[in-house]
Amino acid sequence: MSESSATRTARPRRYLMCPPTHFAVDYAINPWMDPDAPVDRGRAVAQWGALKSAIEGLGHTVELIDPVPGLPDMVYAANGATVIDGRVLVASFRHPERSGESSAFEKWFRGRGYAAVLGADHVNEGEGDHLLAGRTVLAGNGFRTERAANAETARYFGRPVLGLSLVDPRFYHLDTALAVLDERTAMFWPGAFTTRGRRRVAELFPEVLAVEESDAEHFGLNAISDGRHVVLPAAAERTARLLTNHGFVPVPVETDELAKGGGGPKCCVLQLGDGTALPAAA
Ligand code: ARG
């Protein structure tokens, strides 16, 4: 059943982003990356800038972390940490190509005056694999974030963690397979999950929208929702229509250059918290 857009309420958010100054596809750690295919860095920078403007245009705040030379994937800032209630769990990356990012993010959070900052012992790739569903942290396991990390995450945040096994290598991070639109609503591509995982998602969210596989392949699920507006790749046209039919306001952005690294809009933002509850900043 669809709801009217009047019932969808936007909440201001704060995000951390990293300019794709050093963006490249020099290695392949997911099926989308092809080091032999040309990458237009200028185009990536322009698309990233338009994404940032779109987010700010919705009234959200964007903070920036300096890009580090030699870390071409740092633009996918979602992977740098998980931030809940002002507490920061810094990511521990699966692949050595990205491991240098952890210290950059840790330094940023300490420099900004966050008091609770912990480097993870277990492999976890931050908000790429951690999505909040009310009090519960959904954790994507299988390709990047290891299942053993879930207990560490639960302990650190004092919240229940629900592990969801990811089964399709194209959707290797949870945020490529599922988007939380608000506390009651999620959209996902069922094929990225086990039967049990699909059931769990249905139990957790009263309203679950299933998108087409072809839109998932356009990173249509790699969407940023503030509860009303949903920033998503322009190519995911059917998903935009689905959102409209359910009372959300799609905000399409072009991210096809950034997709060459295996990500979309949501990969480029690390949510720092609701705009109303700011942790102390330096
Ligand atoms: N090339 C990056 C990787 O494979 C892309 C990360 C995409 N990030 C995300 N949150 N899904 O690690």
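For reference, positions follow the sequence shown, starting with 1. Note that the structure is predicted; figures quoted are calculated from it, not measured.
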Flag side-chain contact, heavy atom, 4.5 Å: [X] against [Y]:
{"X": "I65", "Y": "R112", "result": "no"}
{"X": "F23", "Y": "P67", "result": "no"}
{"X": "N222", "Y": "P265", "result": "yes"}
{"X": "I55", "Y": "M17", "result": "yes"}
{"X": "V83", "Y": "L16", "result": "no"}
{"X": "F188", "Y": "F171", "result": "no"}

Determine yes or no for a side-chain-to-main-chain donor-acceptor pair under 3.5 angstrom, with [X] supplying the side chain and [Y] the backbone.
{"X": "N30", "Y": "P169", "result": "no"}
{"X": "E106", "Y": "G119", "result": "no"}
{"X": "R87", "Y": "L118", "result": "no"}
{"X": "T194", "Y": "G197", "result": "yes"}
{"X": "T145", "Y": "E125", "result": "yes"}
{"X": "T185", "Y": "D182", "result": "no"}

Minimum heavy-atom separation for [X] to [Y], with atom names?
{"X": "A216", "Y": "W189", "answer": "CB-CB, 3.9 Å"}
{"X": "L174", "Y": "D129", "answer": "N-OD1, 2.8 Å"}
{"X": "A104", "Y": "V68", "answer": "CB-CG2, 4.1 Å"}
{"X": "D121", "Y": "S92", "answer": "O-OG, 4.5 Å"}
{"X": "P250", "Y": "P252", "answer": "O-CD, 3.6 Å"}
{"X": "A177", "Y": "A192", "answer": "CB-CB, 3.6 Å"}

Interatomic distance, [X] atom [atom1] to [Y] atom [atom2] [nearest 0.5 angstrom]:
{"X": "L181", "Y": "R228", "atom1": "CG", "atom2": "CZ", "result": "13.5 Å"}
{"X": "L221", "Y": "T239", "atom1": "CG", "atom2": "OG1", "result": "6.5 Å"}
{"X": "E97", "Y": "L71", "atom1": "CD", "atom2": "CG", "result": "11.0 Å"}
{"X": "F205", "Y": "L138", "atom1": "CZ", "atom2": "CG", "result": "5.0 Å"}
{"X": "T7", "Y": "F248", "atom1": "OG1", "atom2": "CZ", "result": "7.5 Å"}
{"X": "H22", "Y": "D73", "atom1": "NE2", "atom2": "CG", "result": "13.0 Å"}

Test of understanding: clusters of I, L, V, M, F, W, Y form through side-chain heavy atoms closer than 4.5 Å, transitively. Do [X] and [Y] belong to the same one?
{"X": "F219", "Y": "M33", "answer": "no"}
{"X": "V269", "Y": "L58", "answer": "yes"}
{"X": "V211", "Y": "L164", "answer": "yes"}
{"X": "F143", "Y": "V161", "answer": "no"}
{"X": "F193", "Y": "M187", "answer": "yes"}

How are the rings of W108 and Y114 set to each other: parallel, tilted or perpendicular (split at 30° and 60°)?
-> tilted
Would you call the rings of H60 and Y15 parallel, tilted or perpendicular, where under 30° means parallel and over 60° means perpendicular?
-> perpendicular
Residue D40 excluded, over 12 heavy atoms near CG under 6.0 Å |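 Check passes, neighbour count above 12.
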Stepwise side chain to side chain contact (heavy atoms under 4.5 Å, CB included) test for H218 and E237 = CA-CA 10 Å; H218 286 123; E237 291 174 8; over 6 Å; no
Step by step, would you call V90 with V117 a side chain to side chain contact (heavy atoms under 4.5 Å, CB included)?
-> CA-CA 7 Å; V90 177; V117 180; 3.8 Å; yes
Hey, can you pull the donor-acceptor pairs under 3.5 Å for the side chains in residues 44-53, sequence neighbours left out?
{"unit_1": "Q47", "atom_1": "OE1", "unit_2": "D256", "atom_2": "N", "d": "3.3"}
{"unit_1": "Q47", "atom_1": "OE1", "unit_2": "E257", "atom_2": "N", "d": "2.9"}
{"unit_1": "Q47", "atom_1": "NE2", "unit_2": "D256", "atom_2": "OD1", "d": "2.9"}
{"unit_1": "W48", "atom_1": "NE1", "unit_2": "C18", "atom_2": "O", "d": "3.3"}
{"unit_1": "K52", "atom_1": "NZ", "unit_2": "E56", "atom_2": "OE2", "d": "3.2"}
{"unit_1": "S53", "atom_1": "OG", "unit_2": "G49", "atom_2": "O", "d": "3.0"}

Could you tell me whether K266 and D175 have a side-chain N and a carboxylate O separated by less than 4.0 Å?
->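 Yes, charged N to carboxylate O under 4.0 Å.
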Is the shortest side-chain N to carboxylate O distance from R14 to E63 below 4.0 Å?
->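 E63 and R14: salt-bridged.
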Tell me, which pairs form a salt bridge (charged side-chain N to carboxylate O under 4.0 Å, His left out) where one or both residues lie in residues 210-221, sequence neighbours left out?
->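 Passing the test, one end in residues 210-221: R170-E213, R170-E217, E212-R238.
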Checking side chain to side chain donor-acceptor pair (under 3.5 Å) against N79, which of E101, E127, R98 comes through?
-> R98
Checking side chain to side chain contact (heavy atoms under 4.5 Å, CB included) for the pair E203/R200: CA distance, chi angles, key distance, verdict?
-> CA-CA 5 Å; E203 283 162 7; R200 283 300 179 83; 3.5 Å; yes
Among pairs that include at least one residue of residues 146-164, which meet side chain to side chain donor-acceptor pair (under 3.5 Å), considering only residues two or more places apart or in two chains?
-> D85-R159, H122-E146, N141-N150, R147-S165
Take L132 and V137 through the test side chain to side chain contact (heavy atoms under 4.5 Å, CB included) and record every step on the way to the result.
-> CA-CA 5 Å; L132 261 190; V137 181; 3.9 Å; yes
